[in-house]
Amino acid sequence: MDFEPKILVFACNWCSYAGADLAGTSRLQYAPNVRIVRVMCSGMVNPALILHAFRMGFDGVVVAGCHPGDCHYNVGNYYAKKRIVLLRELLEFVGFESERLKLLWASASEGKKFAEEMNEFTEKIRELGPQEKFRRCQK
Amino acid sequence: MKKEESKISKIKDRVAKLLEKDVSVFIAYERMPFELKDRLTIISSPKEVDKISVSPFMVGSPARMLLEIGGIDDGKIGIIARACDTRAIKQLIKEGKIKRERVYIMGITCGGMVNTRKLRSPRFENGRLYDHDREVHMKDVLYDTCSRCEDPLPVLYDEVFDVFDVFEGVSKADESTEEIEGDREKRWSYWMGEMEKCIRCYACRSACPMCYCTECLVDPINLAVSPFTSAEEKASYPRFLGKTISAEDNLFYHIIRVLHHAGRCADCGECERACPMDIPIRELERKMREVVRDVFGYDDDEIPFLAKLDMIPEGR
Amino acid sequence: MFVYEGEFIKTLAEKLISEDYRVYVPDSRSFIEYEKAKDIPKGKTRKSIKEFLLPQNEVLIRYGKWIEEVPLDREKRALIGVNPCDAKAVTLLDKIYLEGLMDPYYQTRRENTLIVSRNCEPNNYCFCESFGLTPFSTEGSDIFLIEKGERTYIIPVTSRGEKILSSIDGLMNTDVDESSIIVQHNFSRKVNPDIQDELRKKFDDEMWKRISLNCISCGTCTFLCPTCFCFDMLDEGEKEGFRYRAWDSCQFPLYTLESSSHNPRREKWQRLRNRFYDKFLYTVESKGEIFCVGCGRCIEFCPGGIDITEILAEVEK
Amino acid sequence: MISAQSIQNPYLPFKAEIIDIKQEVKGARAIKTFKVKVVDGERFDYQPGQGCLVSVFGRGESWFTIANSPTRPDLEFSVLKTGKVTTKLHELNVGDVVGLRGPHGRPFPVDDWRGMNILTVGGGIGQTPLRSVYQYIIDNYNDYGDLTIVYGARTSRDLVYKDELIDLINQGYSVHLSIDIPEESWEYFVGYVPDNLRRLKPNPENTVAIICGPPIMISISLKVLKDLGFKEEQVYTTLERRMKCGIGKCGRCRIESKYVCRDGPVFRYDELSGLLEKT
């Protein structure tokens with residue numbers, strides 16, 4: 001049975017979500033196991049949201065935001081970068097595969113890049129296999 | 001150890017003189033009646049000065065007490081602070097929670113605190129520690145924090161008292177967090193084993209001077225609700241974590257708590273001291289300090305770390 | 001009274017495992033499975049056996065469209081090496097959960113749990129003598145062991161204990177009188193149990209504000225206390241999930257917070273005061289029993305340094 | 001008279017279907033009255049003053065006093081929208097299923113009140129337990145003396161069961177409504193409930209008074225009744241505390257040695273006078 005990973009993407013409304021739209025309108029195919037949640041800014045993504053996603057059973061989480069400097073709120077993506085790096089370091093330290101969490105800069109015009117990144121990330125997670133570590137056990 | 005008694009009496013006289021005019025209350029430690037442990041206390045008049053006790057058995061963070069009684073009256077507050085407490089006070093001042101001019105900091109040199117849980121029935125007589133009438137060398141029963149303390153000298157003070165000979169053999173965190181490194185699965189099973197023990201009593205959160213949020217996201221045991229909070233707001237309050245006790249959920253709680261201390265933790269070890277189940281939660285904080293120092297290159301700047309945005313580590 | 005030469009705990013454990021009990025023995029922190037235990041230390045475990053009768057998390061109902069499953073834990077357990085104060089605490093928990101409306105979850109666990117306690121070595125924090133307990137009191141346990149060097153004296157306390165012991169060979173009954181094997185222990189800490197009227201007088205006293213200064217309102221004292229029984233009921237999972245109950249502490253501010261944002265015990269000192277009044281006055285009025293067994297865990301592990309014996313002495317003054 | 005199922009496992013709710021929803025009050029502090037029928041057809045007998053834990057799986061449970069009298073069909077609960085469970089209840093509509101646990105709590109001793117006059121003093125949503133009392137009294141009117149209902153709220157829009165009460169007025173019952181802030185088309189008393197009470201001067205002779213509402217209103221009304229000569233044994237009230245298990249186990253609703261969910265929520269005033277802890 002081929003493992004179909006479940007990926008959650010927090011796409012920032014101004015850049016990445018628009019990029020994902022562009023990928024869709026220009027008929028680019030990318031992995032269907034990606035579920036996109038539109039957030040107003042990548043800086044809004046709280047580390048507890050990410051861990052909650054893993055707890056609910058997602059195999060990979062991507063936080064997609066604007067390139068540094070393009071953020072509609074000036075500093076949102078800087079905060080996101082800091083939080084994601086800190087969270088990845090801590091997850092790596094406790095022995096969780098930190099590759100399951102990815103930060104992606106994708107602007108509104110990079111539809112193709114967005115699609116490629118999604119496919120590549122899905123393949124990587126498919127190799128890693130299902131995420132059993134944080135999954136909530138029905139004790 | 002006559003030297004020890006005279007130093008402490010010098011501190012007592014100084015506190016008494018301070019209490020007369022320029023300080024309204026003083027945060028110090030007092031010896032507990034039935035056991036070898038010092039707890040925090042508030043000295044408000046020169047008469048109560050002789051209950052002050054300065055010893056290697058002090059438990060509780062004076063910085064946290066300062067936060068708690070900071071708002072009572074507008075007089076100046078004196079505080080006896082070890083090196084890690086002064087770091088915590090400095091961070092709280094940097095974050096605007098305490099005004100420097102309202103605090104009179106009496107720093108003391110620190111030789112490390114003794115972890116009495118490692119001893120069966122400890123006794124302390126004129127500077128020497130005995131357990132079941134067998135003398136114990138203090139350096140082997142220190143708290144893990146103190147045995148790997150990076151900087152045992154106060155960083156912020158109005159005056160310093162040399163009470164204990166400073167703990168020379170401080171390993172500059174040489175055996176850093178690598179010894180639990182190993183491969184991923186080993187680390188994960190190590191931390192699952194540790195987090196299994198956690199009973200989510202939140203002593204670590206309550207004991208930490210940096211954890212002063214009115215509302216905690218992970219498990220709101222301190223939900224700030226007013227008569228004007230609307231029903232929708234109360235209903236939609238994000239409940240990421242309830243009271244489910246599993247190793248993963250406990251790790252979820254500790255990771256989120258530690259993330260909030262990035263660049264702020266004073267490494268005083270109060271969280272580990274408060275934990276009834278002896279879980280090495282300070283390792284997570286030390287890893288956070290290491291990441292903040294090495295990956296981000298942040299080094300005790302005026303602007304708090306979480307607000308400094310111009311440090312984008314490449315390739316991470 | 002029986003006597004057994006040699007390692008009685010080992011034989012008892014193997015016998016019980018053969019009767020498909022799961023056997024737990026103490027390590028320094030809590031009770032672990034017998035197979036995993038290297039040696040069995042004396043003295044109190046940090047977590048009491050309350051977690052075997054009232055676990056920190058207990059699923060009451062699994063729901064989907066409606067109630068899917070009501071999981072009752074019918075596993076047969078044996079706890080060997082319990083100290084007398086924890087065993088007595090179980091009888092106090094019974095007063096709450098088995099009187100009035102019977103709590104089925106607690107009841108099935110209680111019936112399937114065998115409590116084998118033994119004499120313990122009190123440490124500096126113990127004051128069980130003030131409540132009429134000694135390191136040798138057998139109340140609340142099914143079998144009581146007194147280890148004396150190589151020999152172990154065994155006292156069957158309940159009929160269930162007798163039934164278990166009858167099926168073990170190698171027990172010789174002996175009529176040595178108890179006083180010869182009971183060791184006196186003088187306790188450094190004392191509490192005067194009948195302070196109910198003092199407590200009533202001192203409700204609005206200023207001392208509670210001063211005493212609660214060190215308290216940091218964490219849940220350690222209530223979670224480690226063998227007689228604290230408060231719990232919270234929560235649902236997890238929107239469409240399908242489980243309704244569970246979890247330990248709760250009257251020291252947490254949310255414990256009495258009402259949705260109108262009125263909180264009868266908003267201040268830290270009110271919550272700390274409530275812990276003393278609840279254990280030494282209110283339960284005496286409602287259940288006729290002091291809900292404290294003098295195990296001293298709340299003193300030993302309090303991060304703030306709150307000492308129950310010191311405070312009760314001050315109440316008495 | 002606790003239903004059979006809840007004796008065997010008091011934590012299991014049984015099914016009940018919502019058959020009617022009436023929006024009493026709109027706005028931020030909306031109040032809806034749910035008429036609910038027990039699905040398994042199990043006899044569910046209770047007495048005025050008792051309450052149930054209404055449970056919505058996924059959100060939790062809340063305690064509601066049963067709003068109608070046992071002499072009327074089915075069960076009614078008035079739910080003020082204020083938190084996690086109540087917001088979800090307000091989103092439900094007719095035909096949805098909720099869980100019911102109970103009835104729990106000590107009821108009003110309506111049998112001992114035979115032949116006495118009944119005075120109910122209500123404030124805001126506190127009118128719910130009183131409604132079950134005065135409906136019971138109205139249905140057995142010849143066993144009791146005369147009935148006086150005093151009820152008030154902030155504004156006329158916040159009055160619960162308003163049209164019902166106006167019908168009672170037309171039928172000749174002595175009902176005295178009041179609102180705090182004057183409004184044009186309001187022909188009844190304007191002012192706080194205790195002032196309305198002071199104006200009415202009910203005579204304490206052979207009378208039982210029941211006060212229920214916000215804590216301030218309760219304490220002032222109690223003073224007014226005491227000045228009028230009411231003794232503490234004649235006055236009843238219901239107390240409010242955070243409740244979780246509803247069966248006297250979890251310890252949250254305790255006021256000193258009394259469990260509000262088991263020994264209450266109905267208390268006679270002299271039982272409360274010895275309390276150290278002011279609620």
Side-chain angles (χ1 to χ4, degrees), chain C residues 60-68 70 72 96-97 99-106 199-204 228-243 245 248 250 254-265 270 273-274 277-278 281-287, chain D residues 2 6-15 29 39 53 55-62 80-88 97 99 101 104 124-125 214-215 239-263 274-279:
Chain C
L60 300 177
I61 298 166
R62 278 192 205 295
Y63 54 81
K65 268 218 51 38
W66 185 244
I67 299 175
E68 308 286 334
V70 178
L72 290 172
I96 297 289
Y97 285 100
E99 282 174 12
L101 274 175
M102 191 80 83
D103 182 311
Y105 302 94
Y106 182 87
L199 281 173
R200 267 196 205 92
K201 283 210 272 302
K202 293 233 164 92
F203 190 79
D204 296 319
C228 267
F229 54 83
C230 292
F231 61 83
D232 188 5
M233 283 167 69
L234 295 155
D235 283 15
E236 176 133 337
E238 273 296 305
K239 292 286 171 298
E240 36 98 30
F242 51 95
R243 173 167 295 173
R245 73 172 161 194
D248 201 4
C250 57
L254 226 57
Y255 180 76
T256 47
L257 176 69
E258 288 154 23
S259 73
S260 65
S261 88
H262 169 63
N263 190 343
R265 292 199 284 271
Q270 293 168 326
R273 172 181 63 182
N274 174 66
Y277 276 76
D278 173 48
L281 179 61
Y282 302 156
T283 43
V284 174
E285 281 168 0
S286 63
K287 295 288 177 187
Chain D
I2 300 216
S6 69
I7 289 185
Q8 161 250 355
N9 183 345
Y11 296 97
L12 290 192
F14 37 82
K15 263 189 196 166
R29 294 171 59 80
V39 162
L53 281 144
S55 124
V56 180
F57 280 128
R59 283 301 173 88
E61 283 178 323
S62 293
L80 167 71
K81 183 170 165 185
T82 171
K84 190 171 63 166
V85 176
T86 46
T87 310
K88 181 77 177 177
V97 166
R101 258 188 335 118
H104 292 309
I125 185 79
L239 288 186
E240 211 190 281
R241 265 294 161 85
R242 180 102 199 268
M243 292 186 203
K244 271 292 173 179
C245 74
I247 53 171
K249 295 286 185 249
C250 74
R252 298 173 83 80
C253 65
R254 268 183 304 189
I255 299 178
E256 310 213 353
S257 56
K258 294 187 177 58
Y259 280 76
V260 171
C261 68
R262 190 189 56 197
D263 316 329
L275 282 188
L276 303 160
E277 200 173 357
K278 311 293 165 289
T279 50

Measure [X] against the heavy atoms of chain D and call it side chain, backbone, both or neither at under 4.5 Å.
| X | answer |
| --- | --- |
| C:Tyr106 | neither |
| C:Ile61 | side chain |
| C:Glu236 | neither |
| C:Leu72 | neither |
| C:Tyr255 | both |
| C:Arg273 | neither |

Dump the intermediate steps for side-chain contact (heavy atoms from CB on, under 4.5 Å) on C:Glu238 and D:Arg59, then the final yes or no. CA-CA 7 Å; C:Glu238 273 296 305; D:Arg59 283 301 173 88; 3.4 Å; yes
Can you tell me which of D:Cys253, D:Gly251, D:Ser62 forms the most heavy-atom pairs within a distance under 4.5 Å of chain C? D:Gly251
For chain C, which candidate among D:Lys88, D:Glu240, D:Lys15 shows the most heavy-atom pairs at distances under 4.5 Å? D:Lys15
Distance from [X] atom [atom1] to [Y] atom [atom2], nearest 0.5 Å?
| X | Y | atom1 | atom2 | value |
| --- | --- | --- | --- | --- |
| D:Lys258 | C:Ser286 | NZ | OG | 10.0 Å |
| C:Asp278 | D:Ser257 | CG | OG | 10.0 Å |
| D:Leu80 | C:Ser259 | CG | OG | 7.0 Å |
| D:Arg242 | C:Ser260 | CZ | OG | 11.0 Å |
| C:Leu60 | D:Asn9 | CG | CG | 8.0 Å |
| C:Asp235 | D:Ser55 | CG | OG | 7.0 Å |

Check whether any side-chain heavy atom of C:Pro104 lies under 4.5 Å from a side-chain heavy atom of D:Gln8, and answer yes or no. no
Student check: side-chain heavy atoms of C:Asp103 and D:Tyr11 closer than 4.5 Å: yes
Does the pair D:Cys250 and C:Phe229 meet the rule for a side-chain contact (heavy atoms from CB on, under 4.5 Å), with working shown? CA-CA 7 Å; D:Cys250 74; C:Phe229 54 83; over 6 Å; no
Backbone of C:Leu101 reached by a side-chain donor or acceptor of D:Lys249 within 3.5 Å: yes
If only atom types and distance count, is the side chain of D:Lys244 paired as donor or acceptor with the main-chain N or O of C:Asp232 below 3.5 Å? no
Mind checking what makes ring-ring contact (aromatic ring centres under 6.0 Å, His included) contact with C:Tyr282, not counting sequence neighbours? none
Please state whether the side chain, the backbone, both or neither of D:Val97 comes within less than 4.5 Å of a heavy atom of chain C. side chain
With the threshold set at 4.0 Å, does a side-chain nitrogen-carboxylate oxygen contact exist between C:Arg243 and D:Glu61? yes
Looking at C:Asp248 and D:Arg252, is there a salt bridge between them, counting it only when a charged N and a carboxylate O are closer than 4.0 Å? yes
Taking all heavy atoms of C:Met233 and all of D:Cys245, pick out the closest pair and write down the distance. SD-CA, 3.9 Å
Within 45 degrees of the ring normal and closer than 6.0 Å to the centroid, is that where the cationic atom of C:Arg62 sits relative to D:Phe57? no
Counting only heavy atoms not in D:Arg29, do more than 12 fall under 6.0 Å of its CZ? no
